[in-house]
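The shown structure was predicted, so the numbers you read here are calculated from the model rather than taken from an experiment.
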Amino acid sequence: MAQVTPQVSRYHWVLVVLHWSLAFLILAALTLGALALVRIPSSDPMKIEALRTHMTGGIAILLLMLVRLSVRLRSARPPDADTGNPWLDRLAVASHRALYVAVLAQAAVGLTMGIETGVVALVLGGHPPIPDDFWVYPIRTLHYAISRVLMVLIALHVSGALYHTFIRKDGLLRRMWFGRRAVMAGPPAGAALRRPF
Ligand code: HEM
Ligand code: HEM
């Protein structure tokens, strides 16, 4: 039997909650990581608190992203946004995928670095020694590089949201907010719904 995806006017409310909570957590991890954590020397007792907070937030981001991906794959969502320019439309789809990949990679690489250097034990209340310099571990450079890719992707993403909101004035932000979720085109009678909610 043919499987049909119903189209709705907004994202599922669970995805809305996850989108804005993750946006907050990711922006905090990026700004505090790049502007504060990295500047605190390992000899400063503050480093322990900063690392613990950063790693706890990073692990939360990893888990919430996995929940988000799973809900995203099972729930109905609005049709791809239209800018009137097919290249921009493709860029939007590609950048959304790249955001998922970059966030998951950054969190996984961070976790691997935490395990490799032993500092992840701080999250569990342990008292491991803090390396004098994380940069001697090659994975530190990878964590840095992905953080910069993420900053560029987020800047592009926010520019896209502003373009839709202020230039095209198509109310795109409403799709990522709460409200009645209208079904825009129902499936043909008898068709099985692949995405049940
Ligand atoms: C760390 C920051 C952010 C990340 C990682 C992020 C990630 C994403 C991703 C992956 C999607 C695609 C949703 C999907 O189809 O699964 C999305 C959608 C969206 N985001 Fe963000 N986002 C961030 C911040 C923001 C901000 C600050 C804004 C507003 C200024 C915003 C506005 C939107 C809107 C309006 C959509 C829906 C687009 C559509 O309906 O096609 N996002 N976001
Ligand atoms: C998406 C989630 C994450 C983001 C956005 C993020 C972001 C960052 C940023 C921006 C830096 C500083 C990079 C620089 O400017 O040189 C950093 C450093 C670091 N991160 Fe993450 N991170 C994330 C997840 C994690 C996780 C899950 C862990 C470990 C469990 C972790 C462990 C570290 C460590 C050990 C450092 C090095 C600190 C130093 O050099 O003093 N990160 N992170």
Side-chain angles (χ1 to χ4, degrees), residues 1-31 33-34 58 61-110 142-197:
M1 192 188 291
Q3 295 201 321
V4 174
T5 306
Q7 296 206 315
V8 289
S9 56
R10 315 172 182 267
Y11 284 89
H12 193 276
W13 68 267
V14 174
L15 284 178
V16 175
V17 171
L18 287 170
H19 175 271
W20 294 110
S21 323
L22 277 160
F24 173 79
L25 287 173
I26 293 166
L27 288 173
L30 280 175
T31 46
I61 290 170
L62 179 59
L63 297 176
L64 291 176
M65 276 302 283
L66 292 173
V67 174
R68 173 175 179 175
L69 200 54
S70 152
V71 176
R72 163 74 162 76
L73 293 172
R74 288 151 204 258
S75 60
R77 64 184 178 91
D80 288 339
D82 183 14
T83 56
N85 178 325
W87 287 103
L88 280 183
D89 294 346
R90 271 182 221 133
L91 180 66
V93 172
S95 65
H96 285 167
R97 286 188 189 148
L99 276 167
Y100 277 105
V101 172
V103 173
L104 286 169
Q106 177 70 344
V109 163
L142 188 57
H143 201 58
Y144 166 81
I146 305 176
S147 75
R148 291 334 188 240
V149 170
L150 252 179
M151 288 176 192
V152 172
L153 285 172
I154 292 169
L156 183 69
H157 181 64
V158 173
S159 310
L162 296 178
Y163 174 73
H164 276 280
T165 306
F166 295 110
I167 297 180
R168 288 194 62 89
K169 297 188 171 60
D170 56 9
L172 187 86
L173 272 172
R174 279 200 293 272
R175 290 158 48 124
M176 205 33 110
W177 198 246
F178 308 96
R180 202 174 74 82
R181 206 156 159 255
V183 175
M184 294 158 78
L193 292 185
R194 183 155 56 92
R195 296 186 161 101
F197 66 100

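Contact detail for A102 and I146: the closest heavy-atom pair is O-CG2, 3.6 Å. For the residue pair A161 and T165, the shortest heavy atom distance occurs at O-OG1, 2.7 Å.
Contacts of L64 classified as side chain to side chain contact (heavy atoms under 4.5 Å, CB included), with partners at least two apart in sequence or in another chain: L18, L22, L25. A search for salt bridge (Lys or Arg N to Asp or Glu O under 4.0 Å) contacts involving D89 returns nothing, not counting sequence neighbours.
Atom CE in M65 sits 4.5 Å away from atom CG in L104 (nearest 0.5 Å). Distance check: H164 NE2 to L172 CG gives 5.0 Å after rounding to the nearest 0.5 Å. Taking CG from L66 and CZ from R68, the interatomic distance works out to 12.0 Å, rounded to the nearest 0.5 Å. Once rounded to the nearest 0.5 Å, the distance linking CZ of R148 with CD of Q106 reads 9.5 Å. With rounding to the nearest 0.5 angstrom, the CG atom of L15 is 12.0 Å from the CZ atom of R74. Rounded to the nearest 0.5 angstrom, I26 CD1 and S147 OG are separated by 12.5 Å.
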Inset, instruction - Could you walk me through whether L91 and N85 pass side-chain contact (heavy atoms from CB on, under 4.5 Å), step by step? - result: CA-CA 10 Å; L91 180 66; N85 178 325; over 6 Å; no

Inset, instruction - Please step through side-chain contact (heavy atoms from CB on, under 4.5 Å) for the pair L99 and L150, ending with a clear verdict. - result: CA-CA 7 Å; L99 276 167; L150 252 179; 4.2 Å; yes

Inset, instruction - Determine, step by step, whether M176 and W20 satisfy the side-chain contact (heavy atoms from CB on, under 4.5 Å) criterion, reporting the C-alpha distance in whole Å, the side-chain angles of both residues, the deciding distance to 0.1 Å, and the verdict. - result: CA-CA 9 Å; M176 205 33 110; W20 294 110; 3.9 Å; yes

Legend entry - Audit row: V183, Q7, side-chain contact (heavy atoms from CB on, under 4.5 Å) steps and yes/no: CA-CA 6 Å; V183 175; Q7 296 206 315; over 6 Å; no

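Within 6.0 Å of OH in Y163 there are more than 12 heavy atoms belonging to other residues, nucleotides or ligands.
Between H96 and H157, the ring planes lie perpendicular to each other; the angle is over 60°, past the 30° to 60° tilted range.
Side-chain contact between R72 and Y100 is present, with at least one heavy-atom pair separated by less than 4.5 Å.
The closest donor-acceptor contact from the side chain of R168 to the backbone of T83 lies under 3.5 Å. Without hydrogens or angle criteria, R10 side chain to P78 main chain gives no donor-acceptor distance under 3.5 Å. Side-chain atoms of S9 come within 3.5 Å of backbone N or O of A182 as a donor-acceptor pair.
A cation-pi arrangement, defined by a distance under 6.0 Å to the six-membered ring centre and an angle within 45 degrees of its axis, is absent between R174 and W177.
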